[in-house]
Amino acid sequence: GAVVSQHPSWVICKSGTSVKIECRSLDFQATTMFWYRQFPKQSLMLMATSNEGSKATYEQGVEKDKFLINHASLTLSTLTVTSAHPEDSSFYICSASREGYEQYFGPGTRLTVT
Amino acid sequence: GIQVEQSPPDLILQEGANSTLRCNFSDSVNNLQWFHQNPWGQLINLFYIPSGTKQNGRLSATTVATERYSLLYISSSQTTDSGVYFCATDWGGYQKVTFGTGTKLQVIP
């Protein structure tokens, strides 16, 4: 089956710094990648959708200047949390898909901002 | 947007028992997936089931798209089945997936 990886698995950073999370589709070319956020004991919320080579589409309420998404190739998308604050602490999950196929999810990245 | 509700929100089972988890969605969908999120947070894809019935070992799923619901059956539950089960639907023609509210399952020995 299709495999999606994320790096890092977990990260701790200080308030005010930026953190980059990578999402890679290892054995297929993903036309679309998605970023989700999950707070403790809650469901996953879609943050943004990105297509290779074009700007990401952000969901309502998601600050695009704070959560920078780059989809540089068909196998890599990155999410950068800029000027992180403790309220940005969360579990971030990416997914990747080929058109017409199901989405494959990465293992997630746990971000803790101190 | 689409609403995806799951029931029950919490479920405690004795090991070996069977259970049925339900997912209701408020609009027509392109497909539906079931996931198991383990205690470490990893999402494991269980079924991709826009309609009909599929089985994989002790798990099976049925989606009745015309009536806007899907069911996940777990038979002979094991402690390793514990975690949160999510259904998720892809709708709107943009592959935007909306996750359900989740069912937290705890299987006790």
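Because only heavy atoms are used, hydrogens play no part in the values below, and waters and symmetry mates are left out as well, while side chains stay in. Here is the naming used below: chain letters follow the sequence lines, and residue numbers restart at 1 for every chain.
- Residue pairs that meet the side-chain hydrogen bond (donor to acceptor under 3.5 Å, both in side chains) test with at least one member in residues 1-15 of chain B, sequence neighbours left out, do not exist here.
- Within residues 105-114 of chain A, the residues having any heavy atom less than 4.5 Å from a heavy atom of chain B are, in residue-number order, A:Phe105, A:Pro107, A:Arg110.
- Neither A:Ile12 nor A:Val81 shares a network with the other; the hydrophobic side chains, linked directly or stepwise wherever heavy atoms of I, L, V, M, F, W or Y lie under 4.5 Å apart, form separate groups for each.
- Using a 4.5 Å cut-off between heavy atoms, A:Glu59 touches chain B through its side chain atoms alone.
- Taking hydrophobic clusters as Ile, Leu, Val, Met, Phe, Trp and Tyr residues chained together by side-chain heavy-atom distances below 4.5 Å, A:Val62 does not share a cluster with A:Met45.
- Linking Ile, Leu, Val, Met, Phe, Trp and Tyr residues whenever their side-chain heavy atoms come within less than 4.5 Å places B:Ile2 and B:Trp34 in a single cluster.
- One hydrophobic cluster holds both A:Ile21 and A:Tyr58 under the rule that ILVMFWY side chains link at heavy-atom gaps under 4.5 Å.
- A:Leu44 is not listed as a side-chain neighbour of B:Val97, based on a closest heavy-atom distance of 4.5 Å or more.
- Annotation: the span from B:Asn45 atom CG to A:Gln103 atom CD amounts to 10.0 Å, rounded to 0.5 Å.
- In this structure, the side chain of A:Ser43 does not engage the main chain of B:Gly102 through any donor-acceptor pair within 3.5 Å.
- In this structure, B:Leu43 and A:Gln38 have side chains that are not in contact, with every pair of non-hydrogen atoms separated by 4.5 Å or more.
- Under the 4.5 Å side-chain contact rule for hydrophobic residues, B:Phe47 and B:Tyr69 do not share a cluster.
- The two residues B:Gly41 and A:Phe91 have their closest heavy-atom pair at O-CE2, 3.2 Å.
- Atom OG of residue A:Ser95 and atom CZ of residue B:Phe35 lie 8.0 Å apart, to the nearest 0.5 angstrom.
- Within 6.0 Å of the NZ atom in A:Lys20, the count of heavy atoms belonging to other residues, nucleotides or ligands does not exceed 12.
- Scanning all heavy atoms of the two residues, the minimum distance from B:Gln37 to A:Ile93 falls at NE2-CD1, 4.2 Å.
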